[in-house]
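Below is one structure, written out as structure tokens; the observations come after it.
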Amino acid sequence: MSNSAAAAVLTTADLPRAIRAVRTLLSLADIDQGEVDFEAVIRSPDVLARVLLVLPDLVWWASDGEEHGSSEAGDNPAECLPIRVFDWGRPLDRAEPFIASLGSDPAAVRWDLDAWPEVPEAGLNAIPQKYAYLTLTVNSRDLYQHEPSPDHTVHVHARDRNGDQLARVHWLAAQVGGRFTGRVELAPL
């Protein structure tokens with residue numbers, strides 16, 4: 001399994017600001033064949049009900065383990081709370097409704113991009129699909145919902161053939177009024 005380096009470029013308690021930053025970054029990316037992935041910890045029956053309206057065939061399992069309930073077994077998620085969501089390969093238009101459904105429950109929403117295009121005026125080469133991602137952590141500082149937080153962080157994944165991502169990360173951060181904090185997490189792909 002390979003990993004991608006997710007660099008934090010904006011942390012804010014203002015969720016609409018984080019979503020605007022994501023929209024700006026998506027406007028800079030090639031997303032023709034893009035998909036979105038969801039990971040979350042859902043604790044509340046109200047949040048679960050809202051999430052199921054967005055993703056009626058949600059992929060999940062009980063936080064205590066699959067043997068305590070899962071979508072694969074056909075169990076009722078409301079009887080298994082808290083649950084972990086690992087739902088991948090969804091259409092891009094599901095991202096914002098999912099985020100809006102979360103309340104205070106933590107999640108990571110990852111956009112799988114086709115590429116970060118070349119930016120000649122900034123001296124940046126194109127970054128292919130294998131290394132082009134964007135993640136918004138909601139109510140969590142980390143990609144895995146281990147650090148619940150009242151704020152939200154935008155992470156960019158950008159690596160070229162040489163493994164160097166810093167110039168792209170700094171450039172993307174500047175596009176959304178953020179800055180690279182030096183915080184990087186490895187994300188399995």
V9 and side chain to side chain contact (heavy atoms under 4.5 Å, CB included): which single residue from T181, L134, V169 fits?
V169
So, applying side chain to side chain contact (heavy atoms under 4.5 Å, CB included) with S140, which one of P148, P106, S149 is it?
P106
Please determine if R23 and E96 form a salt bridge, counting it only when a charged side-chain N lies under 4.0 Å from a carboxylate O.
yes
Flag the pair R90 and D37 as a salt bridge only when some basic side-chain nitrogen lies within less than 4.0 angstrom of an acidic carboxylate oxygen.
no
How long is the span from the [atom1] atom in [X] to the [atom2] atom in [Y], to the nearest 0.5 Å?
{"X": "I42", "Y": "Q145", "atom1": "CD1", "atom2": "CD", "result": "10.0 Å"}
{"X": "L25", "Y": "T135", "atom1": "CG", "atom2": "OG1", "result": "11.0 Å"}
{"X": "S71", "Y": "D87", "atom1": "OG", "atom2": "CG", "result": "8.0 Å"}
{"X": "I19", "Y": "H152", "atom1": "CD1", "atom2": "NE2", "result": "8.0 Å"}
{"X": "R141", "Y": "H155", "atom1": "CZ", "atom2": "NE2", "result": "10.0 Å"}
{"X": "F86", "Y": "E39", "atom1": "CZ", "atom2": "CD", "result": "4.5 Å"}

According to the interplanar angle, ranging from 0 to 90°, do the rings of F38 and F98 count as parallel (below 30°), tilted (30 to 60°) or perpendicular (above 60°)?
tilted
Side chain of [X], backbone of [Y]: donor and acceptor closer than 3.5 Å?
{"X": "E185", "Y": "L143", "value": "yes"}
{"X": "D75", "Y": "P77", "value": "no"}
{"X": "N139", "Y": "P150", "value": "no"}
{"X": "D114", "Y": "D32", "value": "yes"}

Looking at A7 and Q165, what are the two nearest heavy atoms and their distance?
CB-NE2, 4.4 Å
Check: [Y] and [X] side chains under 4.5 Å, non-hydrogen atoms:
{"X": "D14", "Y": "R20", "answer": "yes"}
{"X": "R110", "Y": "V36", "answer": "no"}
{"X": "Q175", "Y": "L28", "answer": "yes"}
{"X": "L26", "Y": "W111", "answer": "yes"}
{"X": "E118", "Y": "L124", "answer": "no"}
{"X": "E121", "Y": "V119", "answer": "yes"}
{"X": "T137", "Y": "D142", "answer": "no"}

If you count every heavy atom of other residues, nucleotides or ligands that lies below 6.0 Å from R179 atom CZ, does the total exceed 12?
no
Applying side-chain contact (heavy atoms from CB on, under 4.5 Å), run through L166 and F180 and close with a yes or a no.
CA-CA 9 Å; L166 284 181; F180 176 47; 3.4 Å; yes
Do V138 and V41 belong to the same hydrophobic cluster, where Ile, Leu, Val, Met, Phe, Trp and Tyr are linked whenever their side-chain heavy atoms lie under 4.5 Å apart, directly or via other members?
no
